[in-house]
Structures are given as structure tokens and as C-alpha cells.
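FYI, side chains are in, hydrogens and waters are out, and symmetry mates aren't considered; it's all heavy atoms of this structure. In what follows, chains carry the letters A, B, and so on, assigned in the order in which the sequence lines appear, proteins first and then strands, with residues in each chain numbered from 1.
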Amino acid sequence: MINIKEDEKLSVLNHSCAHLLAQAVKHLYPHAMFWVGPVIEEGFYYDIDLGDNVISEDDLVKIEKEMKKISKDGKRIVRHEISKGEALEQFKDDPYKVDLISRMDEADTIISCYTQGDFTDLCRGPHVETVKELKYFKLLKSSGAYWKGDAKNKMLQRIYGICFYNEEDLNNHLIALEDAKQRDHRKIGKDLDIFMSHDLVGKGMPLWLPNGAIIRKQLENYIYEKEQKMGYKHVYTPCVGTVDLYKTSGHWDHYKENMFPSMKVDEEEFVLRPMNCPHHMLIYGNELHSYRDLPIRIGEFAADFRYEASGAVKGLERVRCMCQNDAHLFVRPDQIGEEFKKVVSLILDVYKDFGIKDYKFRLSLRDPEDTEKYFDDDDMWNNAEAKLREVLNELGVEYFEAVGEAAFYGPKLDVEVKPAVGPEITLSTCQLDFLLPRRFELTYVDSDGSKKIPVVLHRAIFGTFDRFTAFVLEETKGILPLWLAPTQINIVPVNNEYHLDYSKELQDLLSNAGFRVEMDAREEKLSYRMRESQTRKIPLTLIVGDKERDDKTISYRLFGTTETTTLSQEDFIAFVKDSINNRK
RNA sequence: GCUGAAAUAGCUCAGUCGGUAGAGCAACGCACUCGUAAUGCGUAGGUCGCAAGUUCGAUUCUUGUUUUCAGCACCA
């Protein structure tokens, strides 16, 4: 999909279209007041105060009509400049404009305005020459949005739209939006029986169906093996803990809003854990550690429970009951770089295996202007941040820095991806933590015999199995590679009377070879069963007829192809094993 | 959580300006015994998300509630 923001000409066009939108809204709602109308990756929006009016879908159509009308009139877009004082005077009845103007520092600032016909708006520009150029646009949706992005503020009406230079580009974009809906993991999840949900279970608590469970198990096996090879020690810990545990960790004070309410049993108070770091801290603390033992890597596929905001839950992507691909790495301060490098390398390795190419590394750093709110150890921060940068540069990884986005306990690296529908999400994460080991009084004995405090790296490669599965479903459009596919092989006998015996023989043979095999011997036409095998996106469909039975061979058709290949039984098994091993 | 929209058969959806609903697919039965994306005919299937209110009567109107969807906010 086109990124409007990255195309200078399209940016100007879209920004001009935002003004056109504002003008049309002003015509239809004379009392409307305007906040900002920026260009975003997929077009533009404008935040508008409409008083008590709420924009419905019908209204969008009306506004669009008005925009077309204004565009046809073809007024020129004229720039003129005024002083800050003049601007304040001119827009004195508009608190939003006054707010914008007041925030411009210098008293003698020159402020530019753009006028098209009867509409003038404050704007830095640039814009297209005339509104006539704004022809191929579409208003996409409307919704509420908090003023200045702060939930404490009033909610404005936001209208989203997009504009192109020609009809074809616009249509292609609209088609791409439709396509994206088709790859939404919530649709695929339903179509392929991967997960379900139920009101009685609750919001944000999906049930993994047998097909989903197979995918998840494969993911678990995959990452477990990688982690084992890297020296991780896997553990199991309980999902419920005392409130005191989370008071010790600090979650009770800082994360309570996202936790399910505590429960009192007899005299004790328990919580469902929102994360399992405290447990891993205690496991580390269970024995005395030498500096020689570090890093110590504790991993767990941990069920965690978070009371996510009701408006935030989404399919498998954002849930209230999740399974983290979690690990805590306890390192000496001098090992931060080396261990961080291993984590990033693992992320790169995994993404390569899954063919994930479209992602962004985000390095979240401390805000140097506001060090107060962070864990207090300047040297630790400076050294760690430098190390993280160094490693990323060394690995030749492209990343961007998000200043002020670090957690208060340490800097972090997140990997962000785009789901089929909706805003970017974090898949993998690696967070440094200077604080938690202190809260649990964790130490190691250093070479000089003194006790030192380790640094912890929280890391999750898949993030959660839930979210990663959602992402894989969208990446693959549900066409899973053989090693992940719930059903790998579907056997379709041509005729039950003559081919069922050999079909059963093959089913046994292939099941015993370790493959996930089904047989579709229903009394249906062959083409009917072939069609279903395709719609279920089963990688290999075997057709068993006279030829195969007589020659004791296997004829298969790969998903998405129309030709059939015939192999001996041994060769077929070797071929499937090879494909699985190579994660094809 | 906020602003809005939606919820009808297992699935996808139509419909009722207030008189308890219909299609396609799926399921089941019968016939067809078939070589690569839908054989035909028939049967069954719904407290119209849940609760209350208005009404002679509510799936339809009103209110509440749950869930879903879009966006915002949140994401130690």
C-alpha cells in the first residue's frame, strides 16, 4: 500500500484535501471549529469540534458531495502572511486557533494562512494551486478523537480521508483496503477454525480450537528448541500470586489498572498475574550466583492475565488472557551488549524463518530533559543506551530512536509490525531493567568477593503466542507452510468402492511417518472434495485412484497449483520431511 | 475507558413503516459411483444477543446490559 506521508507531492495533495474537507464541513456546520488536519500514512484527517453534532456515515456522503461541489468551482488557494498579533485578533473567537497561535514562541512570528473561496485556515503549507486539483478523494471513516490526544480532554470529531491524483490510484487503494479485510486474522481464524470466542467466557479470552492449538504447539516447539540451544532454562510458575509479590515488584502500584481485581481467600489476598517477571526473579534468588554463572536465562511460556481496556481487545492480537514467549536474562552490567546482541540476532533469525520482512526496530530511550521520572543512575542509563545503539549498528539493523519512550526502569527495543487492519503493534520486545533485581534484592558474587546487582533483560521473541499467531495468519493469508499447517495432507479417494483400501493404507503410512493426515472419503463428487481441500488451504492433497493403487504410488497436488505430481511412497515421505525441515 | 456503528439459522446475509421471519452455503436423508474448485431432489434447523419498559401485541419502538466492529486513549 502507498505511504502518502513518504510521497511529497501526495502529501501536499492530501493536506490540501484536508482543507477542502474543513471548508465543506464549515458550509454544512457553520458553528464548526477546527483543530488540526495532518497527513498520515494512509491519507489525512481533520479533528473538528462540532458541538453536539456527531458525523454519521450518511453525513460523510453529504460532506463528500459538498467537497466535490467546492472542487468544481475551482477556487485558487491563496497564501498570505500575518503577524502573530494579527492572527490572534483575526481568530480570537476560535479557542483552538488561539491555542495553536499562542504556542508559537516568538511574538513577531509570521503566520501563514491559506484562503480558498470563503474559507481561510491557519497553515504552514504548502498547498496545491487550486481546489480543482482535488478530484479523486474519498472520506473513509469518522470517529471521536481526544483533543491533543489526551483522554482528559474533550473529544472532537475526526474525519479520515484520502486523496490521489487519478481515479485508478484511488480505486486501487480502496481495493487494497478490501483485500486487507480478507487477510484479517479474525476472518481467517473463523474460516479455518483456528479460534473462537464466547460471551460466557468473556471479552478478550479466545478459545483455541484444535487447528489453532496445532499451530501454537508448533510455534512452542520451534522457539523452545532455539532457546534451549542458546542456554535458556525453562520453568513453570503459577498464574496466581499473592498481592505482596506484586507489591514487591512494584506492579501493584504501577500496573494495577491493568490487573484483574484481587481475590481474598481466607486471610490471604491473591491476584491473577499480569506478568511473570517476579516469579523469575525469585527463581534467580533461589540460589547464590557467581559472576562466572552469568548470564542466567530463565524462560517460560507463561500465561498472563491483563485487564486490557475494553476498547483495546482484538481477536488474538490483544487479549486479556495471553501466553508470553517470555524470558528473563540476568547479566552483569558488562554483559549487557553481548546478551542484547544475542537477543537481536535471535529476533532476526526467527523473522527470517517466518519470512517476516516488513517490520521496524524501535529503540526507546530516556528523555534527557526529564531524567526525574526514570530509575536514578545516569551512568547505567548512558552506558546501556550506548551499548544498545552499538549493537544495532554492529548488526547493521535499521532502527529509529524514540526519545522519552523508555520504560522508567530501563531502555528497550521493540519490533513493530503492521497488522492487516488497525494500527501498528509490537511483536518482539527486549527491555533492560535496572530496577527489578534491586526490588527483589538479587545479587551475584563478583570476582572480588563483593555482592553485585545483576541487570535483567526481559525479552519476548514472539511477544505472545496469541499475537504472533495472529500475525502469521495475516502474513500468510492463512496459507500456512507445511510445518505449521494444522492438516498437512488430505487424502481424497476418487472412488470409495475401489480406492478406499489403498487410501487407508496411505493414511496409516503417513500418520506413522509423523504427518498430520486426514482422509476425505465422503460420498461427494471428487471436484467437490478437491474444492474443499483448497478452501481449507491444506498444503498437500493426495488423489488416490486406479493408477496410484495399482502402482502403489502417491499423487499429490500442492496448494495453489493445478498440476499433480506422482512419486513413490518413499520419495513422497522424503519430500514431505524435507519440506517440513526446511520450513517450506 | 471514550465517541460512534452493529448483533436475525452452524456460516454469509436479506427482511419486518409493530401482527413471532427468508435465501445461499453447511448439516441430515435419498438418488448419482464420480480423476482435480460446488450433481440433483428432499428434510430439518431461529425465544431475531440478553433484560426491562411502552403496547391488545415487540425481532421491529424506548432504556439498560453483554458482545462485536471502527477510531481515540491505554499498553509495567
Side-chain angles (χ1 to χ4, degrees), chain A residues 45 47 50 54-60 140-160 181 184 186-187 190-191 193 196-205 246 249-259 274-275 277-278 304 306-315 318 322 405-410 412 414 421-423 425-426 429 431 433 435-436 458 463 467 490 492-500 522-536 541-548 555-557 559-564:
Chain A
Y45 67 75
D47 281 350
L50 286 168
V54 172
I55 300 293
S56 69
E57 262 180 54
D58 291 345
D59 297 329
L60 282 186
L140 297 167
K141 56 199 167 197
S142 69
S143 77
Y146 297 111
W147 183 45
K148 296 186 179 177
D150 187 336
K152 290 197 273 296
N153 288 341
K154 181 179 180 171
M155 196 161 243
L156 307 177
Q157 294 281 306
R158 176 174 294 180
I159 299 175
Y160 288 90
K181 280 185 199 159
D184 189 320
R186 290 166 295 188
K187 178 174 162 47
K190 197 176 226 176
D191 289 348
D193 294 318
M196 63 172 275
S197 58
H198 198 287
D199 286 8
L200 288 174
V201 178
K203 185 193 271 265
M205 307 207 216
Y246 287 93
S249 70
H251 291 100
W252 189 250
D253 289 333
H254 293 98
Y255 198 64
K256 207 172 165 190
E257 271 176 29
N258 282 297
M259 291 165 72
M275 42 196 78
C277 333
D304 290 331
R306 295 182 186 176
Y307 195 76
E308 297 284 1
S310 60
V313 297
K314 180 185 176 193
R318 188 91 178 257
M322 69 214 71
E405 291 298 313
F408 72 85
Y409 49 75
K412 63 176 177 179
D414 292 318
V421 174
I425 49 171
T426 299
T429 186
Q431 313 185 0
D433 194 330
L435 183 67
L436 209 52
H458 306 253
R467 181 174 283 187
N490 187 26
V492 181
V494 174
N495 184 311
N496 275 345
E497 204 174 317
Y498 309 114
H499 312 128
L500 195 59
R522 289 176 302 171
E523 295 291 336
E524 297 285 355
K525 296 276 187 280
L526 179 67
S527 58
Y528 179 89
R529 287 173 290 149
M530 287 307 290
R531 177 177 190 270
E532 195 162 294
S533 205
Q534 295 294 302
T535 54
R536 288 178 60 201
T541 305
L542 270 45
I543 295 91
V544 180
D546 286 349
K547 191 162 61 100
E548 290 76 17
S555 295
Y556 68 91
R557 176 169 152 184
F559 175 86
T561 64
T562 49
E563 67 271 23
T564 306

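- Side chain of A:M155, nearest nucleotide from B:A26, B:C72, B:A37: B:C72.
- In this structure, A:K141 reaches the B:G71 phosphate: one of its side-chain N or O atoms is under 4.0 Å from OP1 or OP2.
- At whole-Å resolution of the value, CG in A:L60 and C1' in B:G4 are 11 Å apart.
- With hydrogens and angles ignored, a donor-acceptor pair closer than 3.5 Å exists between the side chain of A:R318 and the base of B:C74.
- Inter-residue side-chain proximity for A:P493 and A:R529 is flagged as met; some heavy-atom pair is nearer than 4.5 Å.
- Note: CZ (A:F559) to C1' (B:A37) measures 11 Å, nearest angstrom.
- Nucleotides B:A14 and B:U60 have their C1' atoms positioned 15 Å apart, rounded to a whole Å.
- On the C1' atoms, B:C48 is 12 Å away from B:G22, given to the nearest whole Å.
- Rounded to whole angstrom, the span from the CG atom of A:D193 across to the C1' atom of B:U12 amounts to 15 Å.
- Annotation for A:K148: atom NZ counts as buried by contact number, over 12 foreign heavy atoms lying within 6.0 Å.
- Following rounding to the nearest Å, A:K203 (NZ) and B:G1 (C1') show an atom-to-atom distance of 10 Å.
- For the C1' atoms, the distance from B:C17 to B:U59 is 15 Å, rounded to whole Å.
- Nucleic acid contact class of A:Y409 (heavy atoms, under 4.0 Å, all strands): base.
- Judged by atom type and distance alone, A:T564 reaches the base of B:U36 through a side-chain donor-acceptor pair under 3.5 Å.
- Side-chain atoms of A:Q534 and base atoms of B:U36 include no donor and acceptor less than 3.5 Å apart.
- Summarising the local packing, OH of A:Y307 is surrounded by 12 or fewer heavy atoms from other residues, nucleotides or ligands at distances under 6.0 Å.
- Applying the 4.0 Å criterion to OP1 and OP2 of B:G35, one finds that A:R557 has every side-chain N and O outside that range.
- Under the 3.5 Å distance criterion, the side-chain polar atoms of A:E548 are matched with a main-chain donor or acceptor of A:G545.
- Taking a cutoff of 4.0 Å between a charged side-chain nitrogen and a carboxylate oxygen, A:R186 and A:D184 qualify as a salt bridge.
- An OP1 or OP2 oxygen of B:A26 is reached within less than 4.0 angstrom by a side-chain nitrogen or oxygen of A:Y528.
- The base of B:C69 does not come close enough to the side chain of A:K314 for any donor and acceptor atom to sit less than 3.5 Å apart.
- Distance noted for atom C1' between B:U66 and B:A21: 24 Å (whole Å).
- Here CZ of A:R531 is found 13.5 Å from OG1 of A:T541. Values are rounded to the nearest 0.5 Å.
- Regarding A:H254, its NE2 atom lies at a distance of 16 Å from the C1' atom of B:C75, rounded to whole Å.
- Residue A:T535 places no side-chain N or O under 4.0 Å from the OP1 or OP2 atom of B:A37.
- A:R306 contributes a side-chain N or O that, together with a main-chain N or O of A:P274, makes up a donor-acceptor pair within less than 3.5 Å.
- The interatomic distance linking A:N258 (CG) with B:G1 (C1') rounds to 11 Å, in whole Å.
- Look at CD on A:E524: it is 9 Å from C1' on B:A38, rounded to the nearest Å.
- Between the side chain of A:R318 and the backbone N or O of A:G204, no donor-acceptor pair lies under 3.5 Å.
- Side chain A:Y307 to base B:G1: no donor-acceptor pair is found below 3.5 Å.
- Residue contacts for A:E523: at a heavy-atom cut-off of 4.0 Å it reaches a base atom on one of the strands shown.
- Among the atoms of the strands shown, only primed sugar atoms or phosphate atoms (P, OP1, OP2) are found under 4.0 Å from some heavy atom of A:S527.
- With rounding to the nearest 0.5 angstrom, the CE atom of A:M530 is 8.5 Å from the CG atom of A:N490.
- Between the base of B:G35 and the side chain of A:E548 there is a donor-acceptor pair shorter than 3.5 Å.
- Taking atom P in both B:C2 and B:U65, the straight-line distance is 10 Å, to the nearest Å.
- For A:R186, a side-chain nitrogen or oxygen approaches OP1 or OP2 of B:C69 to under 4.0 Å.
- A:R158 has no side-chain polar atom (N or O) that falls below the 4.0 Å cut-off from OP1 or OP2 of B:C2.
- Separation of the P atoms belonging to B:C11 and B:G71 is 24 Å when rounded to the nearest angstrom.
- One C1' atom belongs to B:G45, the other to B:C25, and the distance between them is 14 Å to the nearest Å.
- When distances are taken from the side chain of A:Y146 to each of B:U66, B:U68, B:A73, the shortest belongs to B:A73.
- Of the possible donor and acceptor atoms, one in the side chain of A:Q157 sits under 3.5 Å from a partner among the backbone N and O of A:I55.
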* For RNA chain B, what dot-bracket results from Watson-Crick or G-U pairs at under 3.5 Å, with [ ] for crossers and | for inter-strand partners? -> (((((((..((((.....[..)))).(((((.......))))).....(((((..]....))))))))))))....
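- To the nearest whole angstrom, the two P atoms, one in B:G29 and one in B:A37, are 26 Å apart.
- Dashed line: the shortest gap from a side-chain N or O of A:K525 to OP1 or OP2 of B:U33 is not under 4.0 Å.
- Rounded to an integer number of Å, the gap from A:M530 CE to B:C34 P is 18 Å.
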